[in-house]
Amino acid sequence: MLYQQLSQTAERKLNDVTGWAGSSSAAQLSIPPGRAAAAAAEFYRRRGNIDFCQVKMSGFQKENDAAKSLFRRLESAVTPIVSGECGHHRDRAPMASRVSLTQLRLEAELDRCRAECQWDKVPALVELLHAARVHEDDDYLTLVMAEALLEECLLENLDLLRSLTPLLDKTQPKLCRAKSLLNAVLSRGCLMPRYLNEALLLMAKVHYVQGRYWDAQGMCARVGLEELTKEDQPTYHLRLLAEAFAIKGLSLDHQTVSAVSRVRLSEREEESMSCFLRACDAALSYMQELDKTVMTPHSKTGKSTLPPVDMELGYFLQAALQSAYLCLLQRGHLAQGAHQLRRVLRVVESRGSQGFRKSAARKLAEVLLSSVSEDSYWPPLGPPPSAWLHREGAAASKDAIYPTVKPPHRYSSDSCFCPQDVVEEAVLVLLITESMSSGEAVISRLPDQAEARQASLRDATSVYDLLTIGMARRGQYAMISECLERAMKFSFNEFHLWHQLGLSLMAAGKGVGAVSVFKECTRLRPEDPSLPLLAVKICINQLHWLEEALTLSQRVASMGKEAGEFLPRAYLSVGLCYSLKASEASLRADRNEFNKKSLRALSKAQSLDPQDAQIAMYLALQLALVRQVSAAMEPLQIALSLRGDDVHSLHLLTLLLSAQKHPQPALETLNLALSQHPSNFNLLFTKVKLEEALFGPAAALQTCEEMLQEWQSRYDVSRSSETDDSSSLPIAEKSEVIPGARKPSIHLTLPDFQDASTSSLSPSSVAASRLEAALSEVSDMSSTRRQGPTYIWTTLERIWLQAGELFMADGRLKEAQFCIAEASCLFPNSHSVLLQRGRLAELRGHLEEAKGLYDEALAIHPTGESILVHMGRLLVKTGRVHLGEKVLRDAVQIHSTSHEAWSGLGEALQCLGSSQAPDCFLTALDLEAFCPIRPFSIIPREL
């Protein structure tokens, strides 16, 4: 009974200290209860509670002689003999060669705590070992206690160590006590050689953190590194090895170099670099070995000791991991620094290395994006190019010059993905890091988690900023926004990430989400006027939310002088909103009111900032929209004097000249604009109209042919199967990079059914053969999946319809039918296509068919000017004059500046014998006198 009580008490005490839990230790080790009791008795005997070696039981003998004889029998019967090599061996050996089970467990537990840097558990274990009288003949336990005190001091002063602030004895009691213990240990000289090395290394740490770098280097020189690199050494020896190299390298770096020659300085730099490289590999090997000891079963218990939780890396272990690549990069050796970063990232991941891997990945991405161009990029698995090494004054990479003493395990390069360019590698590394950062982010809002939350937010923010830089180079704004949306779970009230998300959504064309995000940014920073103006820009340019844009613009305008330089932009936004609302208003009174408000706001904006070319141009445009052509010239001249190459200003000048009936100067101005912007299709459409007015439809058709070829060279994206899929360049970028390498997938050219080579065929057979070929080509095009934005294909549709209109004006209806069929293939339900089909049917005399097509076009676009005018005139032509008058009155009501609508209404009223017909004709003449070749509204009103 006494044996069982002793056994249970000893086991509970040992479990409390070492952290071993579970069932009875006797059951875990398959030891009979009698032997467990004997182990417990030995434990308490060495604690001094039951002293069998020294007979100090006189008081006990006086009280109970029977108990004395009982304990003597216990000593002779149950002395626990457990061999250090074979725990189940029961041979009786000499007492000096036998180690108790408790000693083994305590020493193993102490080694484990030293390996895993669990310094808070070391004092209790040292106390137990002292009580068990282990290492009585040396100072090992004193050494371990000094190490625990020193490491705890270093963990408490990481910020001071990073700033190279020396730690003083008077302010650091733990450091002072550790230093005194180490001095006592070294002065007595009672340590074994392996423990002496550890003491010297600890003293080197003390010298380093107190700023005595020469002494630290001297201590490192006395350390026998060969002892730390032997096989079958404890795991913590690898940590000590890494720290020894790191301390030596850092000490060499921090020593004064004023009196050192250049040759000696170079030698010192090379020596410190070799120390850093060896320290890095040793530290990585240490963490891998630590994983093995934690995750594999214990050699004697058959069970793993602790769950694999992340450990906190100390200052010198962090320095061992990072100093190599940081030193290379600081010395300007970018290629070797990037090579070292790639080497450490290929090391097999281990417990506690995730934080280091995230830092290394961010640094690698930063180096790649900032210092490596597309042309100078080299694959990740190869060494740096010789040209890079030559510029850095090296013959080979540092890892090849200084082989490691303990190489870590690395991932195999077989069947692994290899990036093709610098941006691809950087983005790949950052996406992996982003996944780790977002998964480990601290989202708790508790006050005690504030520091950890800010640290994780800083790490994540740096990753997202680099991702934004890398993906923006490839135009992957949608992917940027997806990544930033994942960051919102830990970005409450964090302005920077919200702002980045808004910008990425804006660039990706996700206007609705972008407006919501910018409103949230405005809530976070209500004093910043740029945030609502960004939302206004999206509302006007993308969403056409005029009311929302007007409200936000007026909010900024109400800030007055507090808005600063954004106040003129706010009034510009207000003016554009009113101008666009005037264009959409169906009632003339509303339209006039909106136009007046627009002019007032734009005039206010120009008075606030007379040097803004965009404000001056939009003021001129608004004056032109209300047919104040002469007044529009003055602000337009100001805009051109401020920015002479602005495409919209030059285009507006062309339209104003055409409205003043100066077509030749207008064409010359347009050619000047095209010389600076040769690929602007809006300018080319205006050129077609001017050439038609000056030289006839045949000359304008040549420009349409050039527009088709220009579109094909820029936007022909249907050849996706012939592009190089291995490249990460987007299709639009490939066309700009290698334009000569592309072949047109579709032959785009205007038809010519008057070809001399087909003169022997009848006109009907020629038309049939050409249309058959054209329609087969069109069907091929429609079967190909259209890629890219919609405006690309809308532009092609407009080119075909413009060519069809010119063919109709030239009387070539077959060619016009071909062009309209091409446009119909792209957008068969487009109101523009239906309008041109109706005009073609009307020219052929198919009036009912034309009316049906006009009806379909009106159903799609009820306010279209050309549709209403052609429909009204067709109704008048077919005898339905009253209905035609109604349609034309609607056209005049909606488009009060359209001279064609007023002329058509006059014709309808004349057929009805109305006295209002002359007034309509006079209004049409007045409007036509200032009518541009194309409407002023074709100039985009955008911010």
Side-chain angles (χ1 to χ4, degrees), residues 582-595 623-632 655-663 666 686 689-690 692-694 696-697 805-806 808-809 811 835-836 838-839 841-843 845 847 850-851 854-855 857-858 861-938:
S583 299
E584 295 180 352
S586 57
L587 297 179
R588 184 179 302 177
D590 293 341
R591 186 163 52 249
N592 292 338
E593 183 65 23
F594 289 145
N595 282 326
L623 290 170
L625 287 171
V626 296
R627 290 299 191 267
Q628 298 182 27
V629 177
S630 300
L655 296 178
L656 289 174
L657 290 173
S658 67
Q660 293 176 339
K661 308 310 175 190
H662 301 306
T686 304
K689 289 292 187 181
L690 286 172
E692 181 185 10
L694 286 172
E805 187 177 347
L806 292 173
M808 284 188 286
L835 172 64
Q836 295 301 328
R839 292 185 59 191
E842 185 177 356
L843 289 174
L847 301 184
K851 180 182 177 303
Y854 289 152
D855 284 334
L858 275 175
H861 187 36
T863 61
E865 175 189 352
S866 297
I867 303 174
L868 290 170
V869 171
H870 283 90
M871 184 66 171
R873 284 181 167 173
L874 177 61
L875 291 172
V876 172
K877 184 188 297 185
T878 55
R880 287 171 280 189
V881 181
H882 291 283
L883 184 57
E885 178 197 359
K886 172 65 172 61
V887 173
L888 289 168
R889 283 190 182 276
D890 291 342
V892 168
Q893 181 67 25
I894 299 173
H895 306 281
S896 59
T897 58
S898 172
H899 68 279
E900 291 183 352
W902 282 103
S903 177
L905 179 60
E907 293 173 1
L909 293 174
Q910 187 177 23
C911 292
L912 293 174
S914 174
S915 61
Q916 297 178 350
D919 294 335
C920 293
F921 288 130
L922 288 175
T923 303
L925 287 174
D926 291 340
L927 291 173
E928 188 179 9
F930 297 100
C931 179
I933 198 69
R934 293 180 69 200
F936 290 114
S937 57
I938 63 170

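All values derive from a computational prediction rather than experimental measurement.
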Do the side chains of Q836 and M808 get nearer than 4.5 Å, heavy atoms only?
-> yes
Looking only at heavy atoms, which two atoms of A632 and A624 are closest? And how far apart?
-> CB-N, 4.0 Å
Answer whether the closest heavy-atom distance between the side chains of R839 and Y854 falls below 4.5 Å.
-> yes
If you round to the nearest 0.5 Å, how far is NZ of K877 from CD of E842?
-> 4.0 Å
In terms of heavy-atom contacts, L868 and I894 come closest through CD1-CD1, 4.2 Å
So, does T878 use its side chain to make a donor-acceptor pair with the main chain of L874 at under 3.5 Å?
-> yes
So, does W902 use its side chain to make a donor-acceptor pair with the main chain of L922 at under 3.5 Å?
-> no
How far does CD of E805 sit from OG of S866, to the nearest 0.5 angstrom?
-> 8.0 Å
Contacts under 3.5 angstrom, residues 914-921 side chains, donor-acceptor by atom type, not counting sequence neighbours:
unit_1, atom_1, unit_2, atom_2, d
S914, OG, Q916, N, 3.2
Q916, OE1, R889, NH2, 3.2

Output, in order, the C-alpha distance, side-chain angles, deciding distance and verdict of side-chain contact (heavy atoms from CB on, under 4.5 Å) for R588 and V892.
-> CA-CA 10 Å; R588 184 179 302 177; V892 168; 4.3 Å; yes
Minimum heavy-atom separation for S903 to A924, with atom names?
-> N-CB, 3.7 Å
Out of L888, V887, D890, which residue meets the side-chain contact (heavy atoms from CB on, under 4.5 Å) rule with M871?
-> V887
Nearest heavy-atom neighbours spanning N595 and A582 = OD1-CB, 3.2 Å
Hey, does L912 have a side-chain heavy atom less than 4.5 Å from the side chain of E885?
-> yes
Between I938 and L655, is any pair of side-chain heavy atoms under 4.5 Å apart?
-> yes
Heavy-atom closest pair (L690 atom, S658 atom, distance to 0.1 Å) is CD2-CB, 4.4 Å
Measure across Q893 and S586 and return the closest heavy-atom pair with its distance rounded to 0.1 Å.
-> NE2-O, 3.3 Å
Measure the CG-NE2 distance between D926 and H899 for me, rounded to the nearest 0.5 Å.
-> 12.0 Å
With no hydrogens and no angle check, is any side-chain donor or acceptor of R880 less than 3.5 Å from a backbone partner on L875?
-> no
Heavy-atom distance under 4.5 Å between the side chains of E593 and D590, does that happen here?
-> no
Are side-chain heavy atoms of E900 and L927 found at a separation under 4.5 Å?
-> no
Which residue, K689, K661, E692, forms the side-chain contact (heavy atoms from CB on, under 4.5 Å) with I933?
-> K689
Between the CG atom in L835 and the CD atom in E865, the distance rounded to the nearest 0.5 Å is 11.0 Å
